[in-house]
Every structure is written in C-alpha cells, then in structure tokens.
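The structure appears below as structure tokens.
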Protein chains: 2
Amino acid sequence: MIIKIDMNSETALYEQLVNSVVWGIATGRLKPGEKMPTVRKLAVDLGINLHTVNKAYAILKQKGYLSAHRNMGAVVNEASAYTADEAFKESIKEWMKPFVAECLARGMDSDETASLVREAALEIKNETEGFA
Amino acid sequence: MIIKIDMNSETALYEQLVNSVVWGIATGRLKPGEKMPTVRKLAVDLGINLHTVNKAYAILKQKGYLSAHRNMGAVVNEASAYTADEAFKESIKEWMKPFVAECLARGMDSDETASLVREAALEIKNETEGFA
DNA sequence: TTATTTGTTATATAACAACTATAACAAATA
DNA sequence: TATTTGTTATAGTTGTTATATAACAAATAA
C-alpha cells in the first residue's frame, strides 16, 4: 500500500498516517494479515522522521488495528480486534457532535445531516486516490 | 446564556467557546439578535484571558454566526448569514470523513453510520446542560 | 467636550505539542 | 555473531495555546 502525506495540511503528520491506515482498512485495500512497511522504511519513503511514524503506529496498535513485534514489522489485525462496540459508537458520536451541531445551526435537520454522512461513507468506499 | 468550559478537556478553550455558541444556536437557545456577553465580561466570568475569548469571537464572526461593533458587544446574526450552502456541506463532509472511515473500518455500513449521526443530532436538540 | 465602554491590535512570556536528530536498548532472525 | 526492527531516551526547534500588559479606535454616556 502506498501512503501519501500532505506537508501543507493542518492535520498533524502522525494523524494523517493514522487516518490513511484506517481509510485503507475501511476500503478493503488493507486486509487482515497484511504487512505494513517498517517504521524506518516508511519514514524514509515519506521523507519524515522515524518517530512520527512510530507515534502513528503506536496509536494504531492502541486502537486495535495493528500488531507489532520486534524485528517482524507491523501487521494488520483481524477484524475482531477492532469492532464497533457500544463504547466506540458513543465516543464517535461525541467526537462528531461539534460538526453535527454546526449542521443544525445552519438549518439542516437530523435526516439531512445523516444523509451527508451517508454520502461521505459512499465516497470513501469508492475512493481510490492515495492507495495502490 | 451561560457558557461553561472544561479546563481539563483536550479541546482548546477557544474551540470550546466556539462549539458552545454554535451549540446554542443549534438548540435555539441562542437566537438571532441576541446579545453576547462582552469579551472582557465573559473572560472574567470564565476565569480566562480576554484574548482567548476574543479569538473565539473572531472565528465565530468569520463563520458568520456573530457580528461585533466597537462598544456594542457581539450579537448573534440572522440565520441568512450562516446557511448550509454547498461549500459548507462539502467541507463538513471532508472533516467528518476520518470518523466515518473509522466506522466503516469497524464493519459498520453507510446506513448504520448515518443513523449514529441522526442519533447525535437528536441528542443535541434535547440537550439542555451548559446553557440557561 | 470628556470619560467610559468595548472591540481590536500589539508585544512579551510560559507551557505544551509536533517534529526532528542522534543514540541506544531489546527481541527476533539470518 | 551480526543485522533487522520495534521501542525508548534525550535534546533541540518550531508552532500553538493561553496568559499578562498595554495601547488604540469607535461608539456611547455624562
């Protein structure tokens, strides 16, 4: 999988990396068992520091998406390691609320706002840029 | 309107203020024409610096929610100043995508994800904490 | 007019986060 | 034993957040 980052983005590099991997899993381009590039190799490929990649991998491990063992690189976990349980849904809902509130403030109703998200989901599934 | 902030939150103070005002408009507790507390008064009430409040007000002005004139305090704009136009919907969709991607990665489908957002919208509308 | 209020701007400082640079340690493999 | 690779440690730079003072500009009140 090819991962790209945007040095001009307001989003932190390590966050872009986290998003890229989650995105890859969401689209099915990254499958359980697949090997990730080593922190050192990915850092060189992207022209960034090893620690920035390492921080992203640590977060992805903590979220359950990756496993890592010394000298073996990182590997994508089985789907059972990152399920959409109630706790996850609650936290995601809270994270999204500021955005949802802005939609409501601008006159959209619950269904319109939900539709926007459904569109976003469909766009993600059809997305192919940034991966290979 | 009473605005509360959480000094222990990971969210920046000025962002919490922005969110509070948007939230107030979304729930109808803040209506067009309503006067906001002065930057100095709100800063004192919350026990934070004047500049932190000023930064939040500047962002809210830029987004169209507030107007401010010297010696007159800030006022909530008419709804026509902050509509959900196409540009807004596009940007919101992009902002939400990382969260949506995480839902998809965890096996939720477009409809389930959209439902989660509909729930969030309904919860916001029923929310009464933090305002008066 | 003069004084006051209030948004705005300008510095300066401290604390923290993000990123980088080096280096070293620990476990698995060749 | 040497190499690879995840991990940890330390330190420095830069940008952001928040604070503290101070001053300026426009509107209002006395």
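Each chain gets a letter, A, B and so on, in the order its sequence line appears, and its residues count up from 1. What you see is a predicted model; the values in this text were computed from it and never measured.
Under the side-chain contact (heavy atoms from CB on, under 4.5 Å) rule, A:Tyr57 has a single partner from A:Val39, A:Leu17, A:Thr52, which is A:Val39.
Map A:Met72 and A:Ala12 each onto its nearest nucleotide of DNA chain C; the residue landing nearer the 5' end is A:Ala12.
Atom P of nucleotide C:dA14 and atom CD1 of B:Ile48 are separated by 21 Å, given to the nearest angstrom. Going from atom CG of A:Leu42 over to atom P of D:dT5 covers 13 Å, rounded to whole Å. Nucleotide D:dG6 holds its P atom 10 Å from the CE atom of A:Met36, rounded to whole Å. Distance A:Asn49 CG to D:dG6 P: 14 Å, rounded to the nearest Å. Computed from coordinates, the A:Glu15 CD to C:dA17 P distance equals 14 Å when rounded to whole Å. The distance between atom CD of B:Gln62 and atom P of C:dG7, rounded to the nearest whole Å, is 19 Å. Counting to the nearest Å, the C1' atom of C:dG7 and the CZ atom of B:Arg70 are 6 Å from each other. Rounded to whole Å, atom P of C:dA18 lies 4 Å from atom NZ of A:Lys55.
A single hydrophobic cluster is seen to contain both A:Tyr14 and A:Ile48, as judged by linkage of ILVMFWY side chains at heavy-atom distances under 4.5 Å, directly or through other members.
Across all strands shown, the partner of C:dC16 is D:dG15, judged by Watson-Crick or G-U wobble contacts whose two distances both fall under 3.5 Å. The partner of C:dT1, taking Watson-Crick or G-U wobble pairs whose two distances both stay under 3.5 Å, is D:dA30. Pairing partner, C:dA30: D:dT1, with both Watson-Crick or wobble hydrogen-bond distances short of 3.5 Å.
Counting only residues at least two apart or in different chains, side chain to side chain donor-acceptor pair (under 3.5 Å) contacts with residues 108-119 of chain A comprise A:Asp111-B:Arg118, A:Arg118-B:Asp111, A:Glu119-B:Lys93.
Salt bridge absent: A:Lys31 and A:Glu34 never bring a charged side-chain N and a carboxylate O closer than 4.0 Å.
Relative to the side chain of B:His51, the nucleotides C:dC19, C:dT9, D:dT28 differ in distance, and C:dT9 lies closest. In this structure, the nucleotide among D:dG6, D:dT19, D:dT17 sitting nearest to the side chain of B:Thr52 is D:dT19. For B:Arg40, counting side-chain heavy atoms from C-beta on, the closest listed nucleotide (D:dG6, C:dT20, C:dT6) is C:dT6. Residue A:Ala68 places its side chain closer to D:dT7 than to any other of D:dA18, D:dA27, D:dT7. Closest approach to the A:Leu13 side chain among C:dT20, D:dT7, C:dT6 is made by C:dT20 (side chain taken as heavy atoms from C-beta onward). Looking at the side chain of B:Asn71, the nearest of the listed nucleotides D:dA27, D:dT7, D:dT5 is D:dA27. Listed nucleotides C:dT6, C:dT9, D:dT7 differ in distance to B:Leu50; the shortest reach to its side chain belongs to C:dT9.
A:Tyr14 comes within 4.0 angstrom of the backbone, heavy atoms only, and of no base. Nucleic acid contact for B:His69: sugar-phosphate only, since backbone atoms but no base atoms lie under 4.0 Å from a heavy atom of the residue. Within 4.0 Å of A:Ala58, counting heavy atoms only, lies no atom of the nucleic acid at all. Using a 4.0 Å heavy-atom distance criterion, B:Lys61 is classed as a sugar-phosphate-only contact.
Put simply, CG on B:Asn77 and OH on B:Tyr82 are 7.0 Å apart, with the number rounded to the nearest 0.5 Å.
Side chains of B:Tyr65 and A:Glu102: a donor on one and an acceptor on the other come within 3.5 Å.
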